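For reference, the structure discussed in these notes is given below.
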Amino acid sequence: MKVCRWLLSLFVGLLLPVSIMGRFVVEKNSLRVASPDKIRGTHDSAIGNFGIPQYGGSMAGNVVYPKDNKKGCKEFDESGISFKSSPGALPTIVLLDRGSCFFALKVWNAQKAGASAVLVADDVEEPLITMDTPEEDGSSAKYVENITIPSALVGKSFGEKLKDAISGGDMVNVNLDWRESVPHPDDRVEYELWSNSNDECGVKCDMLMEFVKDFKGAAQILEKGGYTQFTPHYITWYCPHAFTLSKQCKSQCINHGRYCAPDPEQDFSTGYDGKDVVVENLRQLCVFKVANETGKPWVWWDYVTDFQIRCPMKEKKYNKECADAVIKSLGLNIEKIGKCMGDPDADADNPVLKEEQDAQIGKGSRGDVTILPTLVVNNRQYRGKLEKGAVLKAICSGFEETTEPAVCLSTDVETNECLSNNGGCWQDTAANITACKDTFRGRVCECPLVDGVQFKGDGYTSCEARGLGRCKINNGGCWHDARNGHAFSACSDNGGVKCQCPTGFKGDGVKNCEDIDECREKKACQCPECSCKNTWGSYECSCSGDLLYMRDHDTCISKIGSQGRSTWAAFWLIILGVVMISGGAFLVYKYRIRQYMDSEIRAIMAQYMPLDSQGEVPNHVNDERA
């Protein structure tokens, strides 16, 4: 019997709608056979319309064709058949025949027996069709909603080739590709990534490396902030005991066939071997363990990305020397990492890899890890596209609302619901303003704050600018126009919200304001001597001859008469002022002089002529002489 060449990557084909049956579009997906060589190649398969038809990652597994219950219409437990894989073994992909019962029932019975995936071989030569769910009834609804494994329909001739290879004793290995998404919320987000260090497995390896590089920054922010707990894992398989000493197992396995990985180039005679991949996987696990012991588990992201860049297989640098250089550059302890890795040639279990194989078996709500790569968030397998935004959104969904870190509110996790019909929210296309806001939990409709001006409304049908400065934003939603160097606006920046046409215009103030023709409507220039001319937003009045138009009084006056009357009025006003000042000064002067003269006369008369009220003055001189 030929020994299979294990394959890590999946040949990814385009999903093409080839026919329509009812409401379904048949999607073709490439299924690649890795061994045996006689049927090796890429074949079409039609994705089933139930279970998990689309999820991120690849699955490499052994195809099994049961001896009894080949159509899978009965439970396999009745025949004592189990498809459950042992720890470290490749997943079991069950091949069943079409007919006698619903497609979904076949897959459900195989799933209960431990199958990781199901291939249904068509019984007639015809274009591939979509395996649809049965019409919902009480009996079928119970199992259809519980189908979690992938399934696909293959053509009759290809199915016969698979059956012949299996009946001939060959080990048939195929690779599948699916996409699924089931994030799980929790208070503390714990997530793990099952990956592989192989960088030559095609599209899936490229996708994984690109994801690690893109997600590194966000992962480290979450880890350093204590928001998440990340654990890396690596899928390994063991070599069947009968082939432990074969050349193929020795090239793909370490520790005497206990831990294996597919050949990177799918060619045992050239390039790197599967065991080289296992050793590097082990090294990366130990890098994480040592970094975690130092309190810096996020250094794993630095090592993995640096190793991808500095030590690629295509440059023949995928080796211990290059890995040690990366480890030194990150300041990690090489001796501790080497001790953690142990001896890959020892005929004994490696504790680190043994723990990884045991962890592949599903526990609780998490199923077996059979798809590569696989992301597990809060013990639930993430089933979606492996890219930064999608993964970050799944992780952020594990936080309670209002407790998520800032990185969860970045543009990387926007749902982009606002791109379609503006998310059903209000928007002002002229000002490029919208009430739609993307968050990782979905879009919300909230009136925005723009340049310090708050819009208010329900966010769905209306949002109006309020407060000072509103006229700066799209003129407050009011009418505005400019002509001949003059600008007019119906917006009044006084804190109000109404739009009123300015003086000289009439209209609703929002959509239009029409110029009022004051001349035609006889609202100005109505004096006999006036001549009216309408202008945009205003009017001009002029008077014939030497007359001057007075706008406030809407009348014409003579320029000369007006000037003469003004001059004489000023002259007489001055004369009157001078007369009044002179008269006042004379009266004051006369009054003051009279008072002064009266006081002087009285003083003189008091000295020489005693007043009648005074008594006779005695003569003291005569008294002295006597």
Side-chain angles (χ1 to χ4, degrees), residues 4 7 9-21 24-55 57-67 69-73 76 83 90-111 113 115-133 147 149-168 170-179 370-371:
C4 69
L7 178 63
S9 66
L10 170 69
F11 180 87
V12 181
L14 295 175
L15 299 177
L16 301 174
V18 295
S19 65
I20 299 177
M21 299 186 64
F24 304 110
V25 176
V26 176
E27 295 177 333
K28 285 187 177 181
N29 192 40
S30 295
L31 180 153
R32 184 164 185 173
V33 178
S35 67
D37 290 342
K38 59 185 178 183
I39 60 173
R40 183 178 180 181
T42 302
H43 303 268
D44 286 334
S45 62
I47 300 174
N49 199 41
F50 47 84
I52 310 296
Q54 294 179 325
Y55 54 87
S58 63
M59 177 192 292
N62 291 322
V63 180
V64 174
Y65 184 55
K67 296 181 180 179
N69 192 19
K70 296 181 178 181
K71 293 184 178 181
C73 294
F76 288 96
F83 304 121
L90 284 172
T92 300
I93 300 175
V94 179
L95 176 65
L96 299 174
D97 292 331
R98 181 182 179 182
S100 301
C101 62
F102 294 127
F103 290 117
L105 181 60
K106 299 175 186 289
V107 177
W108 173 241
N109 288 333
Q111 176 179 305
S116 297
V118 174
L119 297 178
V120 178
D122 206 342
D123 55 357
V124 293
E125 287 294 347
E126 62 179 359
L128 292 174
I129 63 172
T130 298
M131 295 191 300
D132 198 3
T133 57
I147 296 176
I149 63 173
S151 59
L153 179 73
V154 298
K156 179 181 179 181
S157 58
F158 175 53
E160 293 298 330
K161 293 179 180 179
L162 293 175
K163 297 174 189 177
D164 292 340
I166 295 171
S167 62
D170 291 330
M171 182 180 290
V172 179
N173 290 89
V174 300
N175 289 265
L176 302 173
D177 182 271
W178 313 89
R179 293 184 182 275
T370 56
I371 301 171

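Only a predicted model underlies this, so the values are computations on that prediction, with no experimental measurement involved.
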Closest non-hydrogen atom pair, Ile93 against Gly61 | CD1-CA, 4.0 Å

To the nearest 0.5 Å, atom NZ of Lys71 lies from atom CG of Asp97 at 7.0 Å

To the nearest 0.5 Å, how far apart are CG in Asn62 and CD1 in Ile166?
-> 9.5 Å

Please name the pair of heavy atoms, one in Ala34 and one in Arg40, separated by the smallest distance, quoted to 0.1 Å.
-> O-CD, 3.7 Å

Taking the side chain from Thr92 and the backbone from Val64, do they hold a donor-acceptor pair closer than 3.5 Å?
-> no

Where do Val107 and Ser151 come nearest, in terms of heavy atoms and distance?
-> CG2-CB, 3.7 Å

Parallel under 30°, tilted from 30 to 60°, perpendicular over 60°: which one fits the rings of Phe76 and Phe83?
-> perpendicular

Hey, does the side chain of Asn109 reach the backbone of Gly72 with a donor-acceptor pair shorter than 3.5 angstrom?
-> yes

Gly159 to Ala121 - nearest heavy-atom pair and separation | CA-CB, 4.0 Å

If you take all heavy atoms of Leu95 and Pro66, which pair is closest and at what distance?
-> O-CD, 3.3 Å

To the nearest 0.5 angstrom, please state how far the CG atom of Asp122 sits from the CZ atom of Phe158.
-> 13.0 Å

Point-to-point distance, once rounded to the nearest 0.5 Å, from CG of Asp164 to CG of Asp170 = 10.5 Å

Is a side-chain donor or acceptor of Lys156 paired with a backbone partner of Glu126 at a separation under 3.5 angstrom?
-> no

Do you know which two heavy atoms are closest between Ala115 and Val94, and how far apart they sit?
-> CB-CG2, 3.4 Å

Tyr65 and Val172: CA distance, side-chain angles, deciding distance, side-chain contact (heavy atoms from CB on, under 4.5 Å) verdict | CA-CA 10 Å; Tyr65 184 55; Val172 179; over 6 Å; no

Rounded distance (nearest 0.5 Å) linking atom NZ of Lys106 with atom SG of Cys73 | 4.0 Å

Between atom CD1 of Ile149 and atom CD of Gln111, what is the distance when rounded to the nearest 0.5 Å?
-> 4.5 Å

